[in-house]
Amino acid sequence: MTAAPSVRAITVRPPWTLPILAGIKGTENRRQPTRWRGLLAIHVSRTRCEVGDADPRVQRVRAAYRATRAARLADAYGCVVAVADLVDCHPDAGCCAPWGDPDAFHLTLHGVRLLPRPIPTRGALGVWTPPPPIAARLLDLT
């Protein structure tokens, strides 16, 4: 019997969600590493990051993607809005410019796919497992 595929998730605080959803930011910075590789849901936090709002990289992406579906989903607070493939996680080594932060673990995301509609659910810190009904919906969409 083959094991069913599974999915994990990360919660990202806006405005950092927009560069990910637009396919511009392929590196997500985390304090903890993860061994997980595979399907990763992108969940939009219910709280906003003021540092991100002032970041010139984010401001450039916001200006370029203002009227897009990615921009609308990036502000769907408390929802899973996309999936991607998590292909690597490594400590900073001066790599992953311009999005990789020093002294962070870099999660490498490929193939970001926007969901047809946001899926409301609670987020969590770190890499987390979505509730079974949410995971099933995500797996049905991929």
Side-chain angles (χ1 to χ4, degrees), residues 3-142:
S6 56
V7 60
R8 299 293 184 273
I10 57 172
T11 298
V12 180
R13 292 173 65 193
W16 299 111
T17 48
L18 179 55
I20 292 172
L21 299 182
I24 307 279
K25 183 178 186 267
T27 300
E28 175 59 14
N29 300 292
R30 295 292 153 146
R31 292 182 186 166
Q32 299 282 326
T34 182
R35 292 183 182 194
W36 173 256
R37 303 293 181 272
L39 190 63
L40 186 73
I42 309 300
H43 177 266
V44 182
S45 173
R46 293 177 191 246
T47 60
R48 197 161 183 89
C49 176
E50 292 178 16
V51 171
D53 282 327
D55 190 292
R57 299 168 299 177
V58 172
Q59 291 173 351
R60 284 191 295 275
V61 173
R62 188 181 296 144
Y65 287 84
R66 179 161 296 164
T68 65
R69 188 162 164 263
R72 288 188 299 277
L73 287 173
D75 286 330
Y77 294 88
C79 295
V80 172
V81 295
V83 293
D85 299 309
L86 176 57
V87 298
D88 191 24
C89 175
H90 57 270
D92 174 61
C95 57
C96 300
W99 298 100
D101 288 347
D103 300 322
F105 289 93
H106 299 170
L107 277 60
T108 305
L109 309 175
H110 282 197
V112 174
R113 284 117 37 218
L114 304 179
L115 299 183
R117 286 178 299 285
I119 301 173
T121 191
R122 286 182 163 237
L125 296 175
V127 176
W128 50 277
T129 303
I134 303 296
R137 285 177 67 185
L138 294 169
L139 291 168
D140 284 346
L141 292 170
T142 58

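Quick caveat, the model's predicted, so the values are computed rather than measured.
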Would a 4.5 Å heavy-atom cut-off, applied to side chains only, mark [X] and [Y] as touching?
| X | Y | answer |
| --- | --- | --- |
| Thr121 | Pro131 | yes |
| Leu39 | Leu139 | yes |
| Ile119 | Leu138 | yes |
| Ile42 | Ile10 | yes |
| Cys79 | Val44 | no |
| Leu109 | Leu40 | yes |
| Pro118 | Tyr77 | no |

- Message: Would Leu141 and Leu115 count as a side-chain contact (heavy atoms from CB on, under 4.5 Å) here? Give the steps.
- Response: CA-CA 8 Å; Leu141 292 170; Leu115 299 183; 3.8 Å; yes
Rounded to the nearest 0.5 Å, how far does [atom2] of [Y] lie from [atom1] of [X]?
| X | Y | atom1 | atom2 | answer |
| --- | --- | --- | --- | --- |
| Arg30 | Leu107 | CZ | CG | 6.5 Å |
| Arg35 | Leu86 | CZ | CG | 14.0 Å |
| Thr27 | Asp88 | OG1 | CG | 9.5 Å |

Can I get a per-line list of side-chain donor-acceptor pairs under 3.5 Å for residues 15-23, giving both atom names and the distance, sequence neighbours left out?
from, atom 1, to, atom 2, distance (Å)
Thr17, OG1, Ala74, O, 2.9

- List in chain and number order the residues that pass side chain to side chain contact (heavy atoms under 4.5 Å, CB included) with Arg117, two or more places apart in sequence or in another chain; answer none if no residue qualifies.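 Listed in chain order: nothing, the list is empty.
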Main-chain N/O of [Y] paired with [X] side-chain donor or acceptor, under 3.5 Å:
| X | Y | answer |
| --- | --- | --- |
| Arg57 | Pro98 | yes |
| Asn29 | Asp101 | yes |
| Gln59 | Asp53 | yes |
| Ser45 | Thr11 | no |

- Task: Please determine if Arg48 and Glu50 form a salt bridge, counting it only when a charged side-chain N lies under 4.0 Å from a carboxylate O.
- Result: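 Looking at Arg48 and Glu50, the cut-off is not met.
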- Query: Does a side-chain N-to-carboxylate-O contact under 4.0 Å join Asp85 and Arg113?
  - Reply: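 Yes, this pair counts.
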- Task: Considering non-hydrogen atoms only, spot the tightest contact between Val81 and Ala76 and give its length.
- Result: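 The answer is CG1-CB, 3.8 Å.
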- Check whether more than 12 heavy atoms from other residues, nucleotides or ligands sit under 6.0 Å from atom CZ of Arg122, and answer yes or no.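 No, CZ of Arg122 has 12 or fewer neighbouring heavy atoms, counting only those of other groups under 6.0 Å.
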- Does CZ in Arg137 sit with more than 12 non-hydrogen atoms of other residues, nucleotides or ligands closer than 6.0 Å?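 No, CZ of Arg137 has 12 or fewer neighbouring heavy atoms, counting only those of other groups under 6.0 Å.
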- Which pairs with one or both residues in residues 95-142 pass ring pair (Phe, Tyr, Trp, His ring centres under 6.0 Å), sequence neighbours excluded?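 As it turns out, the ring pair (Phe, Tyr, Trp, His ring centres under 6.0 Å) pairs with a partner in residues 95-142, which skip direct neighbours, are His43-Trp128, His90-His106.
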